[in-house]
Protein chains: 2
Amino acid sequence: MSRHKKQISIRDVAKHAGVGLGTVSRAINNKGSISPKTKAKVLKSIRELGYTPNLVAQSMRSHKYKNIAFFVDLKNPTFSRIAIGICKRLEHEGYTLSLSHIGKENIVPSMESFLSGRRFDGIILAPHRDDDETLNRYLNSLEMPIVTLEHEIAGFSSGVEIDYYSSIKEAMAYLFSIGHKKIALMVGAPQVRSNKSIINAFMDAYAEHELPLNSELIMKGNIDDTYHQQTFNHVIHMIRHQEITAVLCMHNQILQLLLEAMKADQLWFPDDVSLIAMEDYELTQLLNPSVTVIKRSLTEIGEKVADILITAINQPELDPLPPHVIPTQFIIRDSCRPI
Amino acid sequence: MSRHKKQISIRDVAKHAGVGLGTVSRAINNKGSISPKTKAKVLKSIRELGYTPNLVAQSMRSHKYKNIAFFVDLKNPTFSRIAIGICKRLEHEGYTLSLSHIGKENIVPSMESFLSGRRFDGIILAPHRDDDETLNRYLNSLEMPIVTLEHEIAGFSSGVEIDYYSSIKEAMAYLFSIGHKKIALMVGAPQVRSNKSIINAFMDAYAEHELPLNSELIMKGNIDDTYHQQTFNHVIHMIRHQEITAVLCMHNQILQLLLEAMKADQLWFPDDVSLIAMEDYELTQLLNPSVTVIKRSLTEIGEKVADILITAINQPELDPLPPHVIPTQFIIRDSCRPI
DNA sequence: GTGAAAGCGCTAACAT
DNA sequence: ATGTTAGCGCTTTCAC
């Protein structure tokens, strides 16, 4: 209510219930000692008057803001899905989510100006990389619970860890079973725990099938550092010369670039190469043919991240917390064909 | 800063500069009368102390919150793009955007619980329909500047109006020029101003080319009301029997359903039917072949919506404001073929 | 267990 | 033009 409609205040409730200010506060917050009888009386008055505590005033006095800052690049459709989960969980706990769109550059200044003067209880951050020293120093200077998404930054909880291991093993077994022997992997930064499990599973699968694994087949790294045009040219080249017959593309932005490169070169799946992607969204479902994927629940990720942050806020001694482990699922569709 | 690091307050600044509290406040807010000299002195102290006004305290006293509530269904990728524009503009103006994910049902209770106790200066709402009487009554009861997206609700500014007219005419001229004579239109609710311009342009194009327009070729309405499975079955039927040779699909969710239906029926573009879609995003670009589209700038929409809301907040006498008009652009790609 | 009083950091109203 | 005072609505401390 922005325009000055005179709101009912804690004073009105106190008067109506015939008690002191402090007693009403105690009744609202279940804090301090209060007899069940007076508490019931106060609660009744609150109901009758339709009183809602003013969060701004509460924040000012208590230094608790019920407000989380979310720094994210909304261009990435993954994050808007995760945001849904975060929203749900936070609202349920009475927190507000304040959104700030960040790009790849100048993250610290933009965070600084966003946080300046405002009060938050914690931060959820989806950084583009984990080796931005300026950013890492800045985060440490904030002395606030911070949970990261996607990339892990030393000293802070990464809210979740995606357990890709078994799904990758499944996917590889599937590809081997339909005759593939030369499979390439495209994945993000290998420092990321979840990506480690992808790479391990990939290598283990090769080892278990006693197939030789050329290190060239594993492409890994931060998207901006590793995935240049020439990377994709090289992949296209390998596809053309049948040095690979399948690609496991475990990053949705890399997938987009790969598809663009293939399209530019008139290659298509599954005829020219079999494809398994990560993430199940409109694109993988509506492409023709639809794409076989390894799926994780984005809403669940969002919820767990919010959980971790709330715990870190309420029990700072536990911070940083270990990540929640999120399972994945292998879904076969039409983007792979037998050799 | 959540943990109690003792912040510099306006008191410290006043002491440091050797002036009264009020004077510092005046210097910060450029309000009331203050001599340039003392103002400079205060500003210098502020810089030296690294003081930032506490927004929570400012809000509490001034009843201005610098905070906007955004109610939106984040599942729709359009809105996350628009959110980027809103974010940018609001941050620039010193406002925070608080996110609330809403579904199709129970919007009022979820808005109520979100707003309860919190303070916002205004609301941006992307409702799923315009004829939800409960919602409309509720909005009116809020007495707060509200701007809507996509659907227009009586009494409130719809932030923007998309000018599809000329682009649709262009698209139709293009289709006619490559021999199409039976073109279907799929569009959202005809109450929406932007959709009216689509329908008008479509009908005008037919009239100008002196071609008969069967009313069956125009499918319009709210996605939940009009676009049932049988609607798509009917479209598929018309395509199969060459009762139509092209579809103008002006709604991205309808497009998804259409593509699913076509895929299920083994129809594909442009071989079986030519296709022109709305919105330029990953899907339309990465589909093979890529889709000819009518494009609007989503970031611009977001920015304009934020603009309108801020104006409505600062100059309530102007509310509701007329919508900004956003131009569109026709981009030819590979989803149409000559007849 | 409960009421009264102090004060969070600021702006607005009132003095001068 | 500027210093002082009174709260905004609440939680917290301190009496009792």
Side-chain angles (χ1 to χ4, degrees), chain A residues 1-43 45-46 49-67 94 116-119 121, chain B residues 1-43 45-46 49-67 94 116-119 121:
Chain A
M1 324 294 141
S2 146
R3 334 270 221 228
H4 276 222
K5 236 203 284 175
K6 176 76 183 161
Q7 283 289 121
I8 294 122
S9 84
I10 199 170
R11 277 209 139 66
D12 304 316
V13 179
K15 204 171 291 170
H16 185 275
V19 298
L21 278 183
T23 308
V24 180
S25 175
R26 268 162 243 153
I28 294 168
N29 301 297
N30 299 311
K31 225 175 171 183
S33 36
I34 183 168
S35 80
K37 222 195 299 178
T38 41
K39 185 171 169 180
K41 189 167 61 175
V42 172
L43 258 29
S45 290
I46 288 177
L49 294 173
Y51 165 72
T52 331
N54 181 332
L55 237 136
V56 178
Q58 287 185 314
S59 296
M60 167 137 165
R61 191 64 243 261
S62 67
H63 296 281
K64 294 174 174 216
Y65 305 98
K66 292 283 185 181
N67 201 181
S116 147
R118 303 208 173 91
R119 297 291 183 273
D121 306 297
Chain B
M1 326 296 137
S2 145
R3 334 271 220 228
H4 274 223
K5 236 203 284 178
K6 176 74 183 160
Q7 283 288 121
I8 294 122
S9 85
I10 199 169
R11 279 207 138 68
D12 304 316
V13 179
K15 204 171 292 172
H16 184 275
V19 297
L21 277 183
T23 309
V24 180
S25 175
R26 267 161 241 153
I28 295 168
N29 301 297
N30 301 311
K31 227 177 173 184
S33 38
I34 183 168
S35 81
K37 223 196 296 179
T38 43
K39 183 170 170 182
K41 190 168 58 177
V42 171
L43 259 29
S45 289
I46 288 177
L49 295 174
Y51 165 73
T52 331
N54 181 331
L55 237 136
V56 178
Q58 286 184 316
S59 296
M60 165 136 166
R61 191 64 245 258
S62 66
H63 296 279
K64 294 176 172 209
Y65 305 98
K66 292 284 185 179
N67 201 180
S116 148
R118 302 209 174 92
R119 298 293 125 103
D121 307 296

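Hydrogens, waters and symmetry mates play no part in the numbers below; they use all other heavy atoms, side chains included.
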* Structure fact -> Heavy-atom nearest pair, A:Gly117 first then B:Thr52, reads N-CG2, 3.7 Å
* To do: Go through the structure and list residues passing side-chain contact (heavy atoms from CB on, under 4.5 Å) with B:Ala57, not counting sequence neighbours.
  => A:Met60, B:Asn54
* Examine distances only and state if a side-chain atom of A:Ser59 and a backbone atom of A:Lys64 form a donor-acceptor pair shorter than 3.5 Å. => yes
* Can you check the B:Tyr65 OH to C:dC10 C1' distance for me, whole Å? -> 13 Å
Show me the donor-acceptor pairs, under 3.5 Å and distance only, between side chains in residues 9-22 of chain A and residues at least two apart or in other chains.
from: A:Ser9; atom 1: OG; to: A:Arg11; atom 2: N; distance (Å): 3.1
from: A:Asp12; atom 1: OD2; to: A:Ser9; atom 2: N; distance (Å): 2.7
from: A:His16; atom 1: ND1; to: A:Ser45; atom 2: OG; distance (Å): 2.8

* 4.5 Å side-chain heavy-atom contact, A:Val42 and A:Arg26 -> no
* **Which residues share a side chain to side chain donor-acceptor pair (under 3.5 Å) with B:Lys39, sequence neighbours left out** => B:Asn30
* Rounded distance (Å) that lies between atom P of C:dA12 and atom CG of B:Asn30 -> 13 Å
* Structure fact -> Distance col, row B:Ile28:CD1 vs B:Ile46:CD1, nearest 0.5 angstrom, shows 4.5 Å
* To do: Stems involving DNA chain D: give each as a range paired with a range, ordered by first number, where a stem means at least three consecutive Watson-Crick or G-U wobble pairs under 3.5 Å.
  => C:1-16 with D:1-16
* Flag side-chain contact, heavy atom, 4.5 Å: A:Arg119 against B:Leu55 -> no
* Asked: In residues 33-42 of chain A, which ones come under 4.0 Å of DNA chain D, going by heavy atoms?
  -> none
* With B:Arg61, which residues qualify under side-chain contact (heavy atoms from CB on, under 4.5 Å), at least two apart? -> none
* Structure fact -> Readout for nucleotides 7-16 of chain D: B = base within 4.0 Å of protein heavy atom, S = sugar-phosphate only, - = neither; 5' to 3' it is BBBBBBB---
* Taking only residues two or more places apart in sequence, or in another chain, which ones meet B:Thr38 in a side chain to side chain donor-acceptor pair (under 3.5 Å)? -> B:Ser35
* Heavy atoms under 4.0 Å, any strand shown: does B:Val19 hit a base, just sugar-phosphate, or nothing? -> sugar-phosphate
